[in-house]
> 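Once you've had a glance at the structure underneath, I'll fire off some questions.
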Amino acid sequence: GNSVTQMEGPVTLSEEAFLTINCTYTATGYPSLFWYVQYPGEGLQLLLKATKADDKGSNKGFEATYRKETTSFHLEKGSVQVSDSAVYFCALANSGGYQKVTFGTGTKLQVIP
Amino acid sequence: GAVVSQHPSWVICKSGTSVKIECRSLDFQATTMFWYRQFPKQSLMLMATSNEGSKATYEQGVEKDKFLINHASLTLSTLTVTSAHPEDSSFYICSARLDRDGQPQHFGDGTRLSIL
């Protein structure tokens, strides 16, 4: 079955530091890949997505590239801000059908001034 | 963009009460909606897939009679926690997606349910 593995948190960084959150997956076929962000007490918001190999998703300074050869979708940001503090979930969904989403366990990011 | 509204955002009630949570897609139609449960500091657990006009598909281990799902229209799905008990206290989140391949799920803001 499908699975998503994320690096364990929490990750604590100073403001303006470089961020990488690793994500690898196992899936049948050619899934779409997503990063969602959850701020305290809120639901999930889509941060970015990629639907095929070598696609790069980007939003708000965050980037992730769909690497089929390494089955990875690592999240990166060049300079984090305090407002980026949240929990980040890597996720995948197979195309077609109900597109059931499989989530990673989430990585909590804390950015300190 | 696609917006999903979930209501209420917070519920506190006595043990034995039934609680209904609504999930609406505000600017798109969703044949399929999803209900998740999230325990503190944990990932989302898919409870069921809600299908418009037909019965929901429940994940293994989720009690169908406990968590009643109704998806009566293309923009509304409801989750009713029947005879809720303290162990049902959790954060419940719904999602919906446009009916096209590759489209992401859009999530509601969640409902925090506290059973006393």
Side-chain angles (χ1 to χ4, degrees), chain A residues 1-10 21 23 25 29-53 55 57 59-60 64 66 73 86-110, chain B residues 1-10 21 23-24 30-52 54-60 71 77 90-114:
Chain A
N2 295 341
S3 68
V4 176
T5 302
Q6 276 181 250
M7 62 186 291
E8 290 190 18
I21 300 178
C23 172
Y25 67 91
Y30 302 94
S32 296
L33 302 176
F34 309 92
W35 277 100
Y36 286 89
V37 58
Q38 184 178 32
Y39 298 100
E42 299 182 12
L44 273 68
Q45 301 174 26
L46 177 66
L47 181 59
L48 53 85
K49 70 171 185 175
T51 58
K52 61 182 187 296
D55 267 2
N59 184 26
K60 300 180 181 180
Y66 190 144
F73 193 55
V87 180
Y88 293 82
F89 291 92
C90 185
L92 70 82
N94 284 110
S95 299
Y98 295 127
Q99 203 187 53
K100 186 184 296 185
V101 177
T102 301
F103 285 91
T105 53
T107 302
K108 183 175 182 179
L109 169 66
Q110 183 176 10
Chain B
V3 177
V4 174
S5 174
Q6 195 172 332
H7 178 80
S9 57
W10 201 313
I21 303 170
C23 180
R24 295 180 184 274
T31 303
T32 305
M33 293 185 177
F34 303 86
W35 287 97
Y36 296 85
R37 183 173 179 175
Q38 186 179 30
F39 292 99
K41 301 181 180 180
Q42 295 188 27
S43 188
L44 282 73
M45 180 191 77
L46 179 65
M47 298 174 65
T49 303
S50 172
N51 309 304
E52 188 268 336
S54 64
K55 292 182 179 179
T57 303
Y58 290 82
E59 296 300 301
Q60 190 172 7
H71 194 155
S77 175
S90 191
F91 193 56
Y92 293 87
I93 306 176
C94 73
S95 71
R97 70 175 186 93
L98 284 76
D99 293 333
R100 290 199 298 273
D101 281 355
Q103 292 298 311
Q105 293 186 16
H106 298 275
F107 288 81
D109 285 339
T111 297
R112 186 162 302 284
L113 176 61
S114 298

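In what follows, every chain begins at residue 1, and chains take the letters A, B, ... in the order their sequences are listed.
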> For A:Q45, is it the side chain, the backbone, both, or neither that has a heavy atom closer than 4.5 Å to a heavy atom of chain B?
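It is neither, since no heavy atom gets under 4.5 Å.
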> Report which part of B:Q38 has an atom under 4.5 Å of a heavy atom belonging to chain A: side chain, backbone, both, or neither.
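Only the side chain of B:Q38 comes within 4.5 Å of chain A.
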> Apply side-chain contact (heavy atoms from CB on, under 4.5 Å) to residues A:Y36 and B:Q105 and explain how you reach the verdict.
CA-CA 10 Å; A:Y36 286 89; B:Q105 293 186 16; 3.8 Å; yes
> State which residues pass side chain to side chain donor-acceptor pair (under 3.5 Å) with A:S3; sequence neighbours excluded, sorted by chain then number.
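Scan of A:S3 (side chain to side chain donor-acceptor pair (under 3.5 Å), adjacent residues dropped) gives A:T26.
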> With a 4.5 angstrom heavy-atom cut-off, is it the side chain or the backbone of A:L44 that approaches chain B, or both, or neither?
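For A:L44, heavy atoms of backbone and side chain both lie under 4.5 Å from chain B.
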> Would A:F89 and B:L44 count as a side-chain contact (heavy atoms from CB on, under 4.5 Å) if you check the C-alpha gap in whole Å, the side-chain angles of each, and the deciding distance to 0.1 Å?
CA-CA 9 Å; A:F89 291 92; B:L44 282 73; 4.1 Å; yes
> For A:E8, does the CD atom sit with more than 12 other heavy atoms under 6.0 Å from it, leaving out its own atoms?
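Result for CD/A:E8: open.
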> Please examine the side chains of B:F91 and A:Q38, heavy atoms only from C-beta on, and report whether any two atoms are closer than 4.5 Å.
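A side-chain contact under 4.5 Å exists here.
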> Which bit of A:Y39 is near chain B, if near means a heavy-atom gap under 4.5 Å: side chain, backbone, both or neither?
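Neither part, no heavy atoms under 4.5 Å.
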> Look only at the side chain of B:S43 and the backbone of A:G106, and say whether a donor-acceptor pair between them is shorter than 3.5 Å.
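No, because the side chain of B:S43 does not come within donor-acceptor range (under 3.5 Å) of the backbone of A:G106.
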